[in-house]
Amino acid sequence: MFSAADHEHMARALRLAERGLYTTSPNPRVGCVLVRDDAVVGEGWHQRAGEAHAEVHALQAAGGAAARGATAYVTLEPCNHHGRTPPCVDALLAAGVARVVAAMTDPNPLVAGQGLARLRAAGVATEHGLLENEARELNVGFVARMTCGRPWLRLKAAASVDGRTALASGESQWITGPEARCDGHRWRARACAILTGVGTVRDDDPQLTVRDVETTRQPLRVVVDSRLETPPTARLLDGRPLLVIGAVADPARVDALAARGAEVLLLPNADGKVDLAAALAELARRGINEVHAEAGARLNGSLLRAGLVDELLLYLAPSLIGDAARGLFDLPALAALADRRRLQWQDVRQVGADLRIVARLVA
């Protein structure tokens with residue numbers, strides 16, 4: 001159905017979309033290439049929420065007349081609703097585009113096929129499904145938020161080969177090398193929020209900011225803290241946005257955290273702990289597409305037990321620490337090996353001296 005040229009132009013559109021990896025939140029990452037008479041006449045990508053979409057940038061680059069009769073290759077179905085910007089379908093129709101090829105339909109219920117349907121009704125040839133898997137991978141968080149009502153949760157951890165993240169004393173800096181740590185900051189930068197637990201705040205006093213790569217925005221920092229025990233001296237309370245999610249109403253502690261600029265949200269479950277599913281649903285409501293979790297074994301285990309982890313990002317150092325050290329996940333003992341949690345490898349590669357594994361939970 002699709003030609004070699006179609007594949008080439010959509011692959012270019014995907015590369016353009018990747019340029020918005022750190023900036024488009026809460027919007028999806030989208031690229032567009034305009035082709036007329038086998039020549040590229042315009043291209044663009046969505047750069048920031050509230051600004052022009054990829055199709056508009058491509059049409060502007062084409063300069064008007066060159067777009068008439070062209071094919072638009074776009075990584076996501078053009079929108080057909082008014083948000084902070086006008087519908088891209090209107091712009092494509094006004095420009096006289098003859099054909100639109102979308103990598104995937106938009107999972108947003110406000111679009112969900114309506115953009116392509118309106119183009120077809122106006123006489124524009126439409127197709128979709130070209131490099132769809134690649135397009136979905138680029139926007140796994142947006143798709144999850146639109147279809148599941150929660151963000152995509154990526155759980156990052158660094159450990160020795162024997163699965164230990166820190167000594168029994170809590171010492172953990174540094175198990176992995178500088179290249180792995182820099183790579184981890186790239187994954188932080190693409191996330192909309194960085195999640196940790198109060199235990200990590202107390203033990204490591206992290207900043208949870210993106211520092212080793214260039215970015216124009218910092219993700220929201222989120223602390224799961226049932227009893228609101230985040231120390232008032234924590235470096236997280238440095239003026240950047242911080243959301244503390246607790247479970248126990250304690251006005252004095254709420255006021256102390258609020259005085260340092262933190263927002264406190266209480267989401268208790270029946271056991272007096274933070275309702276993690278409700279917490280992720282709230283983050284989705286706020287437009288969070290991807291959550292990057294960097295926590296200790298206890299919160300890691302709780303997220304896994306609740307079925308909220310979509311992907312593991314593991315950095316394994318070529319070292320052994322021993323059984324007395326802290327582990328990766330606090331999980332209950334299994335009665336049978338058949339009950340083990342299965343993973344599917346997505347990517348395995350060496351980063352500096354360390355091994356990086358990206359794996360997904362098998363349903």
Side-chain angles (χ1 to χ4, degrees), residues 1-108 110-132 134-136 138-139 142-143 146 216:
M1 181 171 69
F2 297 110
S3 68
D6 289 334
H7 280 83
E8 177 185 349
H9 296 311
M10 187 61 79
R12 172 59 181 169
L14 286 164
R15 290 195 297 273
L16 291 168
E18 287 177 357
R19 296 185 183 183
L21 193 65
Y22 301 160
T23 60
T24 63
S25 171
N27 289 355
R29 299 135 183 163
V30 183
C32 179
V33 174
L34 289 171
V35 178
R36 179 180 172 184
D37 297 329
D38 299 324
V40 174
V41 296
E43 59 182 32
W45 70 95
H46 183 44
Q47 298 173 21
R48 291 176 184 81
E51 297 183 4
H53 288 187
E55 298 93 323
V56 173
H57 281 299
L59 290 169
Q60 290 173 344
R68 187 160 298 278
T71 294
Y73 296 89
V74 60
T75 58
L76 185 69
E77 175 185 6
C79 62
N80 188 40
H81 68 285
H82 282 271
R84 285 190 273 183
T85 58
C88 291
V89 167
D90 289 354
L92 292 167
L93 291 175
V97 168
R99 177 182 178 226
V100 173
V101 180
M104 59 178 288
T105 56
D106 194 330
N108 186 342
L110 295 174
V111 185
Q114 298 178 46
L116 291 176
R118 184 166 168 230
L119 289 166
R120 285 194 298 272
V124 176
T126 66
E127 297 169 83
H128 66 87
L130 175 60
L131 300 183
E132 180 174 0
E134 290 83 351
R136 285 185 175 275
L138 191 59
N139 286 301
F142 181 76
V143 173
M146 290 297 157
T216 57

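For the single chain, residues carry numbers from 1 onward in sequence order.
- Considering all non-hydrogen atoms of both residues, V30 and A54 come closest at O-CB, 3.4 Å.
- Nearest heavy atom pair, residue A72 against residue C32, reads CB-SG, 4.4 Å.
- Panel note: side chain D106, backbone N108; a donor-acceptor pair is recorded below 3.5 Å.
- A distance of 12.5 Å separates CG in L34 from CZ in R68, rounded to the nearest 0.5 Å.
- Side-chain N or O atoms of T23 include one that pairs as donor or acceptor with a backbone N or O of Q47 at under 3.5 Å.
- Looking only at side-chain heavy atoms (C-beta outward), V97 and E55 stay at 4.5 Å or farther from each other.
- Contact check for R12 versus V40: no side-chain heavy atoms found under the 4.5 Å cut-off.
- When all heavy atoms of A66 and V41 are compared, the pair lying nearest together is O-CG2, 3.8 Å.
- Of the possible donor and acceptor atoms, none in the side chain of E77 sits under 3.5 Å from a partner among the backbone N and O of A102.
- The structure places CG of L14 at 6.0 Å from OG1 of T75, a figure rounded to the nearest 0.5 Å.
- With respect to the salt-bridge test (charged N to carboxylate O, under 4.0 angstrom), the residues R136 and E132 qualify.
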**Asked** What do the steps show when you test V100 against L92 for side-chain contact (heavy atoms from CB on, under 4.5 Å), and what is the final call?
**Response** CA-CA 9 Å; V100 173; L92 292 167; 4.3 Å; yes
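- Shortest non-hydrogen contact noted between L93 and A122 is CD2-CB, 3.5 Å.
- Taken from NE2 in H9 to CD in E43, the straight-line distance is 11.0 Å, to the nearest 0.5 Å.
- A pairwise comparison of heavy atoms in V101 and F2 identifies CG1-CE2, 3.8 Å as the closest pair.
- Note that CG of N80 and CZ of R118 are 5.0 Å apart. Values are rounded to the nearest 0.5 Å.
- Between L21 atom CG and L138 atom CG the span is 6.5 Å, to the nearest 0.5 Å.
- Aromatic ring pairs are classed by plane angle as parallel below 30°, tilted from 30° to 60° and perpendicular above 60°; the pair H53 and H46 is perpendicular.
- Every residue two or more places apart in sequence or in another chain was checked for a salt bridge (charged side-chain N to carboxylate O under 4.0 Å, His left out) with R36, and none qualifies.
- Once rounded to the nearest 0.5 Å, the distance linking CD of E18 with CH2 of W45 reads 12.5 Å.
- In this structure, the side chains of D90 and P78 stay at 4.5 Å or more apart for every pair of heavy atoms.
- For the pair S25 and A49, the tightest heavy-atom approach, listed with the atom from each and the gap, is O-CB, 3.8 Å.
- Residue R99 forms a side chain to side chain contact (heavy atoms under 4.5 Å, CB included) with just one option from V35, T126, D6, and that option is D6.
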